[in-house]
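Each ligand, and each atom within it, is numbered from 1 in the order the structure gives. For the single chain, residues carry numbers from 1 onward in sequence order.
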Amino acid sequence: MKLPIFAANWKMFHGPSDARAFMKNFLVHYPRQHDRKVLFFPNALSVTTVSELIRERPDLETGIQNIHWEDKGAFTGENSAPMARDAGASHVLVGHSERRHVFGETDAQTNLKVKAAFRAGLTPVLCVGELLAERDAGDTEATVLRQLRAGIDGVDEAQVASMMFAYEPVWAIGTGRTATPDDASTVHAAISAALKTAIGERALGIPILYGGSVNRGNATSLLAAPDVDGVLVGGASLDADGWNAIVRA
Ligand code: PGA
């Protein structure tokens, strides 16, 4: 039985002061739950703040939104996986659509980042998703599976079994347009089948999250869809009360 996962991607919002205020409010209203996991992905500057505030809460974890694929070096402005781990992160988003489509991250780079995450003991959450044009051309599955296979290329099977994946159709991110639970299920089933082909039965335990305009009104129906094991939420995770409503879905 996989515990449902609720992941908040704060993107470039909530610096350390706002993150502290958010978490203080959230922690008061959200006592420890045993039947779900909640992950926070603050910006890099707020990772320590969040991880320190949830130290006593094993049902809550902190991740970082992006890492460089090298462990250290002359890469001005970048954060490495060992640094993220040192700051208290346990997870890292890899290949988020904004990294791919705003910053030009390639499939090969996502693969290097997945490997860097494992070297440092971080759990990678590999994000995959098609552009609207790819969807309209009937290439949803081909795109998503290409991103998936490239991301895990050369990664040890036991490590793949410990990863998380997120299906985030690019046309649904921050647009208010959500995939229907059926759309999500169809793609999640294809991801699940590809993972099973790659690593066998161990793939059955891998959580596959859905992301793209998830909010308190649609979270329950998306989570009820077959093969949807959790949600990755951007805009609707920024307000502590709204996020509190979603994590109770
Ligand atoms: P959104 O973002 O919920 O604002 O659509 C989701 C994401 O980018 O992870």
For S213, is the nearest heavy atom under 4.0 Å from an atom of ligand 1? yes

Residues R146, T143; criterion side chain to side chain contact (heavy atoms under 4.5 Å, CB included); working and verdict: CA-CA 5 Å; R146 186 204 76 229; T143 304; 4.2 Å; yes

Enumerated ligand 1 atoms positioned under 4.0 Å from heavy atoms of A172: 5 (O)

Where do W171 and E130 land on the side chain to side chain contact (heavy atoms under 4.5 Å, CB included) test, with the steps shown first? CA-CA 8 Å; W171 48 270; E130 82 285 8; 2.9 Å; yes

Taking the six-membered ring for Trp, are F6 and W243 parallel (under 30°), tilted (30 to 60°) or perpendicular (over 60°)? perpendicular

Note the single closest protein heavy atom to atom 9 (O) of ligand 1, along with its residue, its atom name and the distance in Å. E168 OE2, 2.7 Å

Among all protein heavy atoms in this structure, tell me which lies nearest to atom 2 (O) of ligand 1, with the distance rounded to 0.1 Å. K11 NZ, 3.2 Å

Can you tell me if K2 has over 12 outside heavy atoms packed within less than 6.0 Å of its NZ? yes

Near G212 (heavy-atom distance under 4.0 Å), the atoms of ligand 1 are 5 (O)

If only side-chain N and O atoms count, and only distance matters, is there a donor-acceptor pair under 3.5 Å linking T110 with D107? no

Nearest neighbour in protein (non-hydrogen) for atom 3 (O) of ligand 1: G234 N, 2.8 Å

Atoms of ligand 1 less than 4.0 Å from H96 heavy atoms? 7 (C), 8 (O), 9 (O)

Going through the checks in order, is the side chain to side chain donor-acceptor pair (under 3.5 Å) test met by E168 and H96? CA-CA 8 Å; E168 298 206 302; H96 186 275; 3.2 Å; yes

Atoms of ligand 1 less than 4.0 Å from I173 heavy atoms? 2 (O), 5 (O), 8 (O)

So is there a nitrogen or oxygen of G174 less than 3.5 Å from a nitrogen or oxygen in ligand 1? yes

Give yes or no for whether the N/O distance cutoff of 3.5 Å, strictly under, is met between G235 and ligand 1. yes

Relative to each other, are the rings of H188 and Y210 parallel, tilted or perpendicular (30° and 60° limits)? tilted

